[in-house]
Engineer: 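One structure follows; several queries about it will come next.
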Amino acid sequence: MSLLHLAVLDLTAFISLSALFCLMPTAYQILEAIAISQRNTRELQRSQQMQQLFLDQGPFGAYIKDEQSRILYYNQELQSKFLVDAEEWLGKRDSEFLPDPEEGRRVMENDQIVLKTLQPLKLIEEVKIPGNDQPCYWLSFKFPFSDGATGDRRIGGISIDITESIEAQRSLTDLNRQLAEKALELEEKKQELIYLSDMADMLYSCESEDEVYQVVALTCSKLFPNMSGCICIISNSKNYVQMNSSWGEERTTKEIFSQSECWALRRDKLNLFSPRNSGLVCNHLIHPVSGTHLCIPLFGEGEIVGILHIYALEEISPEEQQIAEIIARTLGFTLNNISIKQRLTYESLRDGMTQLFNQNYMETITEQRLAEADRSGQPVSIIFLDIDNFKSYNSRYGHVTANIVLKGLAKLLLTSIRSFDIACRWGGEEFVILMPNMTLENLRKRVEEIRLDVEKMQLKDGDQILEGITASFGIAVSEPGITVKDLLNRANQAMLEAKQTGKNRVREYVNTCN
């Protein structure tokens, strides 16, 4: 080998060694880049695995759809909720696998909204799950995105099951509704108590049966505004029942009927006829009979005095029946009290033997008539009469027979005076008659007629004809400002003058001071 050849070889070796030293940094960089790439790939894979774990194992439904709403991906939550495997829904639309096709159609419509607007959509979806009769509610977030690999549009969605929250909200809503209903019911009960309390207060102040009927009818019109009704009272003769008061627009019962026509009166207990309670139909109802009819007997002084009748187009609730029974009991109790009050008032104002007014009432009513006379300018006349020789008559026949005379005279006086005149037994054999608005001339004539009637009166004790009686009369006419005592004293003074001048005559008081 020549020296030249050796030189060339050495030069080549030197160049190769120099090149190797020059390329060594680049190889290290490549290896480092490969290591970095591998690390990045592993990180990406771990990230993708984490994302996949997040989507698959998260407590929410996750899915991806294409532009035709076909399923490209759904996570394990949806698989477990709908009991499907990981590939059963792939390529299908919601309408193909949801139990309700209409529900699937609504879901797909929402998908199209997302694609058209290219905006996220937040909504609550109602979804039925197989094997569960109750629907589930999902809070869904749908959003559009592009597939990085193909550039195609995709629909992503995440749905959170909020069924418990919805049910809790509904339960709360139902509870609020129930509370509102209870509050309204309590308010209605409060109003009912106010009406009943007002009725009781007004009934306590009533002085006649007619006032009682008006108060009860007014209360019933408030408590039962959509109903009609009436109060029917048995007549004193017990031969018929008559409507005394009513409320509402409908008239469904006769105004007069017999007791036997009402089942409540016949059985002494409530009678209800309604579409749901096909009970006994009272014959006092006007045909054709429809709706609901409630008849409640009214008890007063231990016996039935009438009925409270209520009519409604619809059913009468048990609560309304209870209120009606309370009203009926209160009405019966009040009628009983009115009857007792009237009897006591009658007895306190009347003479027990003759049933004429007594002295206390005569003094009271004379005072009122004098006050009216002062305003009207019309005089008031007083007639004072005393039976002549009544003590000897009493001694001859006895007290029992003498009482027959007193009763007979009282009856005669009542038939001899006007309806607005007032007769009273003053005491013993003395009587007083109050006659307003009568001229002195007519008074003289009328009293003389009464005197003659007394003289001609026939008295009997059974078959025994009694001796007749006469009476002495004194009359006095009021003057402006005169007192009751002075007017009665004047009439009494005139009567005493009639006694002293021969009895069985009429004497007029003459004011000697004038």
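Source: prediction; values computed, not measured.
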Engineer: For Phe357, is the NZ or CZ atom of Arg425 found under 6.0 angstrom from the centre of its six-membered ring and inside 45 degrees of the ring axis?
Structural biologist: no

Engineer: Side chains of Thr253 and His309: donor-acceptor distance under 3.5 Å anywhere?
Structural biologist: no

Engineer: Output the distance between atom CD1 (Ile338) and atom CZ (Phe333), rounded to the nearest 0.5 Å.
Structural biologist: 11.0 Å

Engineer: Provide the closest heavy-atom pair for Gly408 versus Met457 in the form atom of the first, atom of the second, distance.
Structural biologist: O-SD, 3.7 Å

Engineer: So, taking the atom named CG in Asn492 and the one named CD in Glu430, what distance separates them when rounded to the nearest 0.5 Å?
Structural biologist: 6.0 Å

Engineer: Is the shortest distance from a Lys or Arg side-chain nitrogen in Arg276 or Glu314 to a carboxylate oxygen in the other one below 4.0 Å?
Structural biologist: no

Engineer: With a 4.5 Å heavy-atom cut-off, do Ile387 and Leu409 have their side chains touching?
Structural biologist: yes

Engineer: Enumerate the side-chain hydrogen bond (donor to acceptor under 3.5 Å, both in side chains) contacts for residues 403-416, please, sequence neighbours excluded, ordered by first and then second residue.
Structural biologist: none

Engineer: May I ask you to check whether Thr173 and Asn176 show a side-chain donor-acceptor distance below 3.5 Å?
Structural biologist: no

Engineer: Are Phe431 and Leu356 side-chain neighbours, meaning at least one heavy-atom pair lies under 4.5 Å?
Structural biologist: yes

Engineer: With a 4.5 Å cut-off on side-chain heavy atoms, are Asp94 and Asp111 touching?
Structural biologist: yes

Engineer: When you look at CZ of Arg153, are more than 12 heavy atoms from neighbouring residues, nucleotides or ligands closer to it than 6.0 Å?
Structural biologist: no

Engineer: Would Ile310 and His293 satisfy side chain to side chain contact (heavy atoms under 4.5 Å, CB included), going step by step from the backbone distance to the final call?
Structural biologist: CA-CA 6 Å; Ile310 297 178; His293 296 267; over 6 Å; no

Engineer: Got more than 12 heavy atoms from elsewhere within 6.0 Å of CZ, Phe420?
Structural biologist: yes

Engineer: Answer yes or no: is there a donor N or O on one side and an acceptor on the other, between the side chain of Asn271 and the main chain of Leu280, under 3.5 Å?
Structural biologist: yes

Engineer: From Ile323 CD1 over to Leu193 CG, what is the distance, rounded to the nearest 0.5 angstrom?
Structural biologist: 8.5 Å

Engineer: If you look only at distance, which donor and acceptor atoms sit under 3.5 Å apart when one is on a side chain in residues 209-216 and the other is two or more places apart or in another chain?
Structural biologist:
unit_1, atom_1, unit_2, atom_2, d
Glu209, OE1, Tyr213, OH, 3.4
Glu211, OE1, Glu207, N, 2.8

Engineer: For the residue pair Phe82 and Trp89, is the inter-centroid distance of their aromatic rings smaller than 6.0 Å?
Structural biologist: yes

Engineer: Kindly confirm or rule out a cation-pi arrangement of Lys222 over Phe224, judged by NZ or CZ under 6.0 Å from the six-membered ring centre and within 45° of its axis?
Structural biologist: no

Engineer: Contact between Leu298 and Ile304 at the side-chain level, heavy atoms closer than 4.5 Å - yes or no?
Structural biologist: no

Engineer: Less than 4.0 angstrom from a charged side-chain N to a carboxylate O is my criterion; do Lys238 and Glu303 meet it?
Structural biologist: yes

Engineer: Would you say Ser260 and Arg266 are linked by a side-chain donor-acceptor pair, where the criterion is simply a distance under 3.5 Å?
Structural biologist: no

Engineer: To the nearest 0.5 Å, what is the distance between CG (Asp201) and CG (Leu196)?
Structural biologist: 12.5 Å

Engineer: Tell me whether Arg106 is salt-bridged to Glu109, with the criterion being a basic N under 4.0 Å from an acidic carboxylate O.
Structural biologist: no

Engineer: For the residue pair Trp138 and Ile166, establish whether any side-chain heavy-atom pair is separated by less than 4.5 Å.
Structural biologist: no

Engineer: Counting N and O atoms only, with roles assigned by atom type, does the side chain of Asn358 sit under 3.5 Å from a partner on the main chain of Ser348, one being a donor and the other an acceptor?
Structural biologist: yes

Engineer: Determine whether more than 12 heavy atoms belonging to other residues, nucleotides or ligands lie under 6.0 Å from atom CD of Gln191.
Structural biologist: yes

Engineer: Using a 4.5 Å cut-off on heavy atoms from C-beta on, say whether the side chain of Leu223 contacts that of Glu192.
Structural biologist: yes

Engineer: Kindly indicate whether the side chain of Tyr240, heavy atoms from C-beta on, has any atom under 4.5 Å from the side chain of Ser258.
Structural biologist: no

Engineer: Do other residues, nucleotides or ligands put more than 12 heavy atoms under 6.0 Å from Glu441 CD?
Structural biologist: no

Engineer: Which distance, rounded to the nearest 0.5 Å, do you find between the CZ of Phe141 and the NZ of Lys122?
Structural biologist: 5.0 Å

Engineer: Between Lys142 and Glu125, is there a side-chain N and carboxylate O pair less than 4.0 Å apart?
Structural biologist: yes

Engineer: Check the surroundings of atom NE2 in His287: do more than 12 heavy atoms from other residues, nucleotides or ligands lie under 6.0 Å from it?
Structural biologist: yes

Engineer: Side chain to side chain contact (heavy atoms under 4.5 Å, CB included), that's the test. Do Trp426 and Leu488 meet it? Break it down for me.
Structural biologist: CA-CA 11 Å; Trp426 192 254; Leu488 288 169; 3.5 Å; yes

Engineer: May I ask you to check whether Asp174 and Ser171 show a side-chain donor-acceptor distance below 3.5 Å?
Structural biologist: no

Engineer: Inspect the surroundings of CD in Glu367 and state if more than 12 heavy atoms from other residues, nucleotides or ligands are less than 6.0 Å away.
Structural biologist: no

Engineer: Run the salt-bridge test on Arg170 and Glu167 with the 4.0 Å N-O cut-off and return the result as yes or no.
Structural biologist: no

Engineer: Side chains of Thr483 and Asp486: is there a donor and an acceptor less than 3.5 Å apart?
Structural biologist: yes

Engineer: Check this for me: does any side-chain nitrogen of one of Lys485 and Glu363 sit under 4.0 Å from a carboxylate oxygen of the other?
Structural biologist: no

Engineer: Kindly write out the residues that satisfy side chain to side chain donor-acceptor pair (under 3.5 Å) with Thr334, not counting sequence neighbours, or none if the list is empty.
Structural biologist: none

Engineer: Can you tell me how far apart OH (Tyr195) and OG (Ser221) are? Round to the nearest 0.5 Å.
Structural biologist: 9.0 Å

Engineer: Answer whether the closest heavy-atom distance between the side chains of Ser246 and Ser228 falls below 4.5 Å.
Structural biologist: no

Engineer: Flag yes if more than 12 heavy atoms outside Gln68 fall under 6.0 Å of its CD atom; otherwise flag no.
Structural biologist: yes

